[in-house]
J.: 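I have a structure I would like to understand better, so I am pasting it below and will then ask my questions one at a time.
When reading the values below, keep in mind they use all heavy atoms of this one structure, side chains included, and skip hydrogens, waters and symmetry mates. Lettering follows sequence order; numbering is per chain, from 1.
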Amino acid sequence: MKKSKILIGAAVLTIAGFFTIAADHIDAPAVIGGTSDITDLYAFQGQNTNNIVFVANVQGLLSPASTTGAAFDENILIEFNIDNDGDAIEDLVIQATPRDGKMYFFGPFAPAQTGLNSTILSSNGFNTVDITPYGTNAIIETNNDMSFFAGPRDDPFFFDFTRYTEIISGTATSFNNPGNDTFEGTNALSVVVELPKAMVGSGDTVNVWVESKRKQ
Amino acid sequence: MKFNTIKLMTIAVVVAFSAYNCSSDDDNGTTGPVLPNFTGTYTQEDQIARPAINTVFASMADKNTFNVTVPSNQGVAFQTKFQTKLEALNPAHTDPTYTNALGFNAAQFTGVLATDVLTVSLTGTTTFFDGTNVLTGRALADDVISTELLLIFGGPTGTDNPGLTSDNVTANDKAFLTSFPYLASPW
């Protein structure tokens, strides 16, 4: 008993050096608090079960006051990557980047090149949706069986991060029950795309990740 | 009411007429809506698939690097480091016969996690973990942190380190929508 308590204590101390904030909120020094900081990716079956939904959230931990001034960055490309043959290399991308109050969407299509650098294939057609201003109803655009949204939303992420930091700093040894959601009352900027599953792959599964990329 | 209808009709006609004009101008290639400039190269700064992988498993020195390592190279670059981290978080994992609730020992579990892609089912339930389905996507309501804590600390039956296997926050602070865009309105 005592030994396991010591082990847990050691484990907990070890955590302290590594955890910053979950899920991906301010996860790394280079992106903390910036417009390219991705907080979370969600991927789930749509209300129409023939569809798949992708959500990318950026710029998390926005209080209502700071949400008023928050905006997508016109120099940042948000890119959903889809691997549909199991090699963890993107076969398709869906690109999103804002211009003058609208979010422009490109794809899904095969990228010009895979990896860390992207170009926008704007000649292959595009969709747009007006970015929903804070405090107004969600503006949704639907075109060719795809639906689009961009704007501030409640951050769907929940975690008792405060208690967690107490644990890793050694002032607590376990979570509270019930815990407290550190992300309660905070917003993020969301990009939501829903599209037919057939547009992303023909197998049973796809692998998905999302990237933020800055114009050079 | 009637007056409003007339006004709306007038607007509709005007809009239709001007839209026609725009389209006509487009044909001439002189004016009309122009696609903004999207040229240039965009270079990666951040990436994520499964929640909290970089946050939990990458050391501070590796966090930026992890964000700019393509997933197909992440396994080679980070599996061993992630295993060391997992064994530090839950020292029981230093025993290769010790597994988590998925039946994975430290090498196997971090072998899966190090390649940070989110596998998404195209044939059915999409969830990080719903009690039955495991890693078939990530739905908004999924309690991903408790799932990860359970897999890190809970051991083969999920009963090890009971104070660390859930943060006891099981739901979001706002109800999600059943239809697009699914996420709740902002605070």
Side-chain angles (χ1 to χ4, degrees), chain A residues 7-8 11 14-15 20 22-24 27-28 30-31 36 38 41-45 47 64 67 77 88-89 99 115-118 120 122 138 140 147 149 152-154 156 158-160 174-175 177-179 181 184-185 187 190 192 194 197 201 204-209 211-216, chain B residues 35-36 38 40-49 51-52 54-56 59-60 63-64 67-68 70-72 85 88-91 115-123 126 137-140 144-145 161 163-164 166-169 171-174 176 178-187:
Chain A
L7 281 176
I8 291 173
T14 313
I15 302 168
T20 49
D24 201 67
D27 64 308
V31 293
S36 67
I38 304 170
L41 166 70
Y42 300 82
F44 52 91
Q45 184 169 262
Q47 182 182 32
T67 307
L77 174 67
I89 295 171
R99 291 291 185 278
L116 300 177
N117 295 306
S118 289
I120 296 176
S122 56
I140 298 165
S147 295
F149 170 85
R153 300 305 275 179
D154 163 56
F158 49 92
F159 182 26
D160 190 347
S174 64
F175 286 104
N177 194 4
D181 179 8
E184 183 176 357
N187 302 318
S190 301
V192 189
E194 176 167 343
K197 291 173 178 177
D204 289 346
T205 62
V206 289
N207 294 318
V208 180
W209 64 99
E211 302 162 347
S212 62
K213 293 175 169 173
R214 184 179 300 276
K215 185 169 184 178
Q216 300 305 296
Chain B
L35 193 63
F38 292 106
T41 297
Y42 293 75
T43 300
Q44 187 155 322
E45 294 195 351
D46 199 1
Q47 67 180 335
I48 181 181
N54 193 21
T55 302
V56 174
S59 66
M60 192 51 79
K63 288 183 186 301
N64 288 334
N67 278 334
V68 292
V70 295
S72 55
K85 199 62 47 76
L89 291 170
N90 181 358
T115 300
D116 189 23
V117 298
L118 181 66
T119 301
V120 184
S121 172
L122 298 181
T123 59
T126 43
R138 182 183 179 186
L140 296 171
V144 295
I145 288 299
N161 306 310
L164 296 173
S166 173
D167 68 341
N168 303 305
V169 179
N172 189 39
D173 51 347
K174 272 197 174 189
F176 298 117
T178 54
S179 60
F180 196 90
Y182 303 103
L183 286 79
S185 61
W187 291 93

J.: Between chain B and each of Ser36(A), Gly201(A), Ser118(A), count heavy-atom pairs under 4.5 Å; write down the option with the most.
T.: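 The option with the most such pairs is Ser118(A).
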J.: Just so I know, are the side chains of Ser212(A) and Gln47(B) near enough to count as touching, which here means a heavy-atom distance under 4.5 Å?
T.: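 When only atoms from C-beta onward are counted, Gln47(B) and Ser212(A) do not touch, as no gap falls below 4.5 Å.
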J.: To check you understand the geometry: which heavy-atom pair defines the closest contact between Ser122(A) and Phe38(B), and what is its length?
T.: CB-CD1, 4.1 Å
J.: In Å, rounded to the nearest 0.5 Å, how long is the span from CD1 of Ile48(B) to CG of Leu41(A)?
T.: 6.5 Å
J.: To the nearest 0.5 Å, how far apart are CD in Glu45(B) and CG in Leu77(A)?
T.: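 The distance works out to 11.5 Å.
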J.: Please identify, among Ser121(B), Pro181(B), Ala139(B), Ser179(B), the residue contributing the most non-hydrogen atom pairs under 4.5 Å to chain A.
T.: Pro181(B)
J.: If we only count heavy atoms from C-beta on, is the Phe180(B) to Val192(A) side-chain gap below 4.5 Å?
T.: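 Heavy-atom side-chain distance check passes, below 4.5 Å.
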J.: Please find the pair of heavy atoms, one from Leu183(B) and one from Pro156(A), that lie closest to each other, and give the distance.
T.: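 It is CD2-CG, 3.6 Å.
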J.: Measuring heavy-atom distances to chain B, does Ser147(A) have an atom under 4.5 Å in its side chain, in its backbone, in both, or in neither?
T.: both
J.: Measure centre to centre between the rings of Tyr182(B) and Phe44(A), then say whether the value is under 6.0 Å.
T.: yes
J.: Nearest 0.5 Å, what's the OG1-NZ distance between Thr41(B) and Lys213(A)?
T.: 10.5 Å
J.: Do the side chain of Thr126(B) and the main chain of Gln45(A) share a donor and acceptor less than 3.5 angstrom apart?
T.: yes
J.: Counting only non-hydrogen atoms closer than 4.5 Å, does Ala138(A) touch chain B with its backbone (N, CA, C, O), its side chain (CB onward), both, or neither?
T.: side chain
J.: Between the main-chain N or O of Asn168(B) and the side-chain N or O of Asn177(A), is there a donor-acceptor pair closer than 3.5 Å?
T.: no
J.: Return the CG to OH distance between Leu118(B) and Tyr42(A), rounded to the nearest 0.5 Å.
T.: 11.5 Å
J.: I need the Asn172(B) CG to Asp181(A) CG distance, nearest 0.5 Å.
T.: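 If we round to the nearest 0.5 Å, Asn172(B):CG and Asp181(A):CG are 6.5 Å apart.
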J.: Indicate yes or no for a side-chain donor-acceptor contact from Ser72(B) to the backbone of Ile89(A) under 3.5 Å, with no hydrogens or angles considered.
T.: no
J.: Given that the side chain runs from C-beta out, which part of Thr115(B) has a heavy atom under 4.5 Å from chain A: side chain, backbone, both or neither?
T.: side chain
J.: Report the option among Val117(B), Leu122(B), Val169(B) that has the most heavy-atom pairs separated by less than 4.5 Å from atoms of chain A.
T.: Leu122(B)
J.: Examine distances only and state if a side-chain atom of Asp46(B) and a backbone atom of Ile38(A) form a donor-acceptor pair shorter than 3.5 Å.
T.: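 At least one qualifying donor-acceptor pair exists.
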J.: What part of Arg214(A) lies closer than 4.5 angstrom to a heavy atom of chain B: side chain, backbone, both or neither?
T.: both
J.: Not counting sequence neighbours, which residues clear ring pair (Phe, Tyr, Trp, His ring centres under 6.0 Å) with Tyr42(B)? List them please.
T.: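 Result, ring pair (Phe, Tyr, Trp, His ring centres under 6.0 Å) vs Tyr42(B): none returned.
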J.: Using non-hydrogen atoms and a 4.5 Å limit, figure out which bit of Asn64(B) sits close to chain A: side chain, backbone, both or neither.
T.: both
J.: Could you measure the distance from the OG1 atom of Thr43(B) to the CD atom of Gln216(A)? Nearest 0.5 Å is fine.
T.: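 Rounded to the nearest 0.5 Å, the OG1-CD separation comes to 3.5 Å.
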J.: Taking all heavy atoms of Val208(A) and all of Ala49(B), pick out the closest pair and write down the distance.
T.: O-CB, 3.6 Å
J.: With side chain to side chain contact (heavy atoms under 4.5 Å, CB included) as the test, would you mind laying out the steps for Asp154(A) and Asp173(B) before giving the verdict?
T.: CA-CA 9 Å; Asp154(A) 163 56; Asp173(B) 51 347; 3.3 Å; yes
J.: Which atom names give the shortest non-hydrogen contact between Asp160(A) and Asp167(B), and what distance separates them?
T.: N-OD2, 2.9 Å
J.: So which residue, Gly137(B), Ser185(B), Gly40(B), ends up with the most heavy-atom pairs under 4.5 Å with chain A?
T.: Ser185(B)
J.: Is there a donor-acceptor pair under 3.5 Å between the side chain of Arg99(A) and the backbone N or O of Pro36(B)?
T.: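 Not confirmed, Arg99(A) side chain does not pair with Pro36(B) backbone.
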